[in-house]
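These notes are about the structure you will find just below.
From a predicted model like this one, the values you see are computed outputs, not experimental measurements.
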Amino acid sequence: MADARPSPPSSSSSPSAASSAASSSFDEVFCGLLPRLYRRAVMLAGSRQSAEDVVHEAYLKLAARPQRFLAHPEPYAYAFTTVLNVARDAYRRDRRQVLVDGLEGVEEAGAGGGAGAGLGAEPGGWDGGVERRHAEIEAVRLLGRLSHRQAGIVILVDLDGYTLDQAAKIMKVHRGTAARHRARALDRLRAYLVESEHGQAGR
């Protein structure tokens, strides 16, 4: 009589192998989103160092439940929400944190001194990324004046291209709430820009 005992599961179907495969897939997907997440984290946290801490903590939170992340229809949206929550919690832990801390040194380095001095852009030539860097600094400065929820809505709709309905779903708020947050955020940003323009004109 043939032995009817079931054969042992192959290594590919073992729990440890499945866990290893999920971890590998998680890292692959997360790393694909990392540059985009990092840029958004800088806007929310205010400095590169703080952004690195935020993204690292978000990675640990997501890695604790990789299947939720991988099963989500929009992994970026899921990861962005985690980054936003981590940034908000970090800000609450230290309300005295200056959101543009650490970027002043970059501005000073670009203004003069150091090995890079004298390497300014020629008329009509490439400026070495200085203009783009100043634009990023200005974006961080402005977004830093908003609440994290307002900044999150603006980033999702005006930078990432989501519709208001999609952004509301990602942020887990009603559409009307998302619309109010965005409207108030844009009003505040416009006011800051007008104030800045008037300040420069009066110099």
Side-chain angles (χ1 to χ4, degrees), residues 18-19 21-95 97 99-100 132 135-193:
S19 176
S23 177
S24 177
S25 298
F26 171 82
D27 287 341
E28 183 178 350
V29 175
F30 187 88
C31 286
L33 300 174
L34 189 56
R36 190 177 176 190
L37 289 173
Y38 179 69
R39 289 195 299 271
R40 301 310 180 227
V42 171
M43 293 180 173
L44 292 167
S47 72
R48 292 183 178 274
Q49 182 176 355
S50 296
E52 289 175 358
D53 293 339
V54 166
V55 172
H56 178 67
E57 188 173 341
Y59 170 85
L60 295 178
K61 287 180 176 293
L62 293 170
R65 294 184 176 88
Q67 293 299 346
R68 287 190 180 182
F69 172 73
L70 295 173
H72 198 276
E74 287 200 64
Y76 167 76
Y78 190 85
F80 174 80
T81 302
T82 304
V83 166
L84 180 65
N85 291 337
V86 170
R88 180 194 60 206
D89 292 344
Y91 177 77
R92 287 176 175 175
R93 285 196 298 266
D94 186 4
R95 291 181 179 275
Q97 177 183 1
L99 294 179
V100 292
R132 178 180 176 182
E136 291 176 350
I137 292 172
E138 182 66 7
V140 170
R141 185 181 72 82
L142 290 173
L143 287 173
R145 293 171 177 257
L146 305 176
S147 70
H148 281 87
R149 183 162 288 182
Q150 289 174 340
I153 291 292
V154 169
I155 287 173
L156 287 172
V157 175
D158 299 283
L159 297 181
D160 287 333
Y162 286 97
T163 66
L164 195 57
D165 288 327
Q166 290 171 329
K169 186 175 181 180
I170 292 170
M171 299 284 290
K172 297 180 180 178
V173 297
H174 293 294
R175 186 188 189 282
T177 301
R180 286 194 298 273
H181 280 309
R182 181 170 178 264
R184 290 171 183 170
L186 294 179
D187 284 344
R188 293 183 70 178
L189 292 176
R190 291 189 191 99
Y192 293 141
L193 289 173

Exercise for the section: Flag this pair as yes if the NZ/CZ of Arg145 is under 6.0 angstrom from the six-membered ring centre of Tyr192 and inside a 45 degree cone about the axis; otherwise no. Expected result: yes
Exercise for the section: Write down the atom of Leu44, the atom of His148, and the distance for their closest heavy-atom approach. Expected result: O-NE2, 3.8 Å
Practice task
Kindly compute the distance separating CG (Leu164) from CG (Leu156), expressed to the nearest 0.5 Å.
Solution key: 10.0 Å
Exercise for the section: Grab the two heavy atoms, one from Ala45 and one from Ser50, that are nearest each other, plus how far apart they are. Expected result: CB-CB, 3.7 Å
Exercise for the section: To the nearest 0.5 Å, tell me how far Thr177 OG1 sits from Arg182 CZ. Expected result: 15.0 Å
Handout entry: Chi angles and distances behind the side-chain contact (heavy atoms from CB on, under 4.5 Å) call for Ile155, Leu84
Key = CA-CA 11 Å; Ile155 287 173; Leu84 180 65; over 6 Å; no
Handout entry: Side chain proximity check, Phe80 to Leu33, heavy atoms < 4.5 angstrom
Key = no
Practice task
Determine, for Asp187 against Arg190, whether the closest basic-nitrogen to carboxylate-oxygen distance falls under 4.0 angstrom.
Solution key: yes
Problem - Nearest-0.5 Å distance, CG of residue Leu159 to CZ of residue Arg39 - result: 10.0 Å
Problem - Heavy-atom pair with the smallest gap, counting every atom of Arg175 and Ala168 - result: CA-CB, 3.8 Å
Handout entry: Close side-chain approach of Asp160 and Tyr76, heavy atoms under 4.5 Å
Key = yes
Fill in the blank from the handout: For Ala167 and Tyr162 the tightest heavy-atom approach is N-CB, 4.4 Å
Practice task
Drop me the distance from His174's NE2 to Arg180's CZ, to the nearest 0.5 angstrom.
Solution key: 9.5 Å
Practice task
Report, as yes or no, whether the 6.0 Å neighbourhood of atom CZ on Arg65 holds more than 12 heavy atoms from other residues, nucleotides or ligands.
Solution key: no
Completion exercise
The reported gap from CG in Leu186 to CG in Leu146 (rounded to nearest 0.5 angstrom) is 8.5 Å
Handout entry: Tyr78 and Leu70, any side-chain heavy atoms less than 4.5 Å apart
Key = no
Problem - Donor-acceptor contact present, side-chain Arg149 to main-chain His181, <3.5 Å - result: no
Fill in the blank from the handout: dist Tyr38:OH -> Glu52:CD (nearest 0.5 Å) comes out at 4.5 Å
Exercise for the section: Could I get the full list of side chain to side chain contact (heavy atoms under 4.5 Å, CB included) partners for Leu60, not counting sequence neighbours? Expected result: His56
Practice task
For the residue pair Ile153 and Met171, establish whether any side-chain heavy-atom pair is separated by less than 4.5 Å.
Solution key: yes
Handout entry: Ring centres under 6.0 angstrom apart (Tyr59, Phe26)
Key = yes
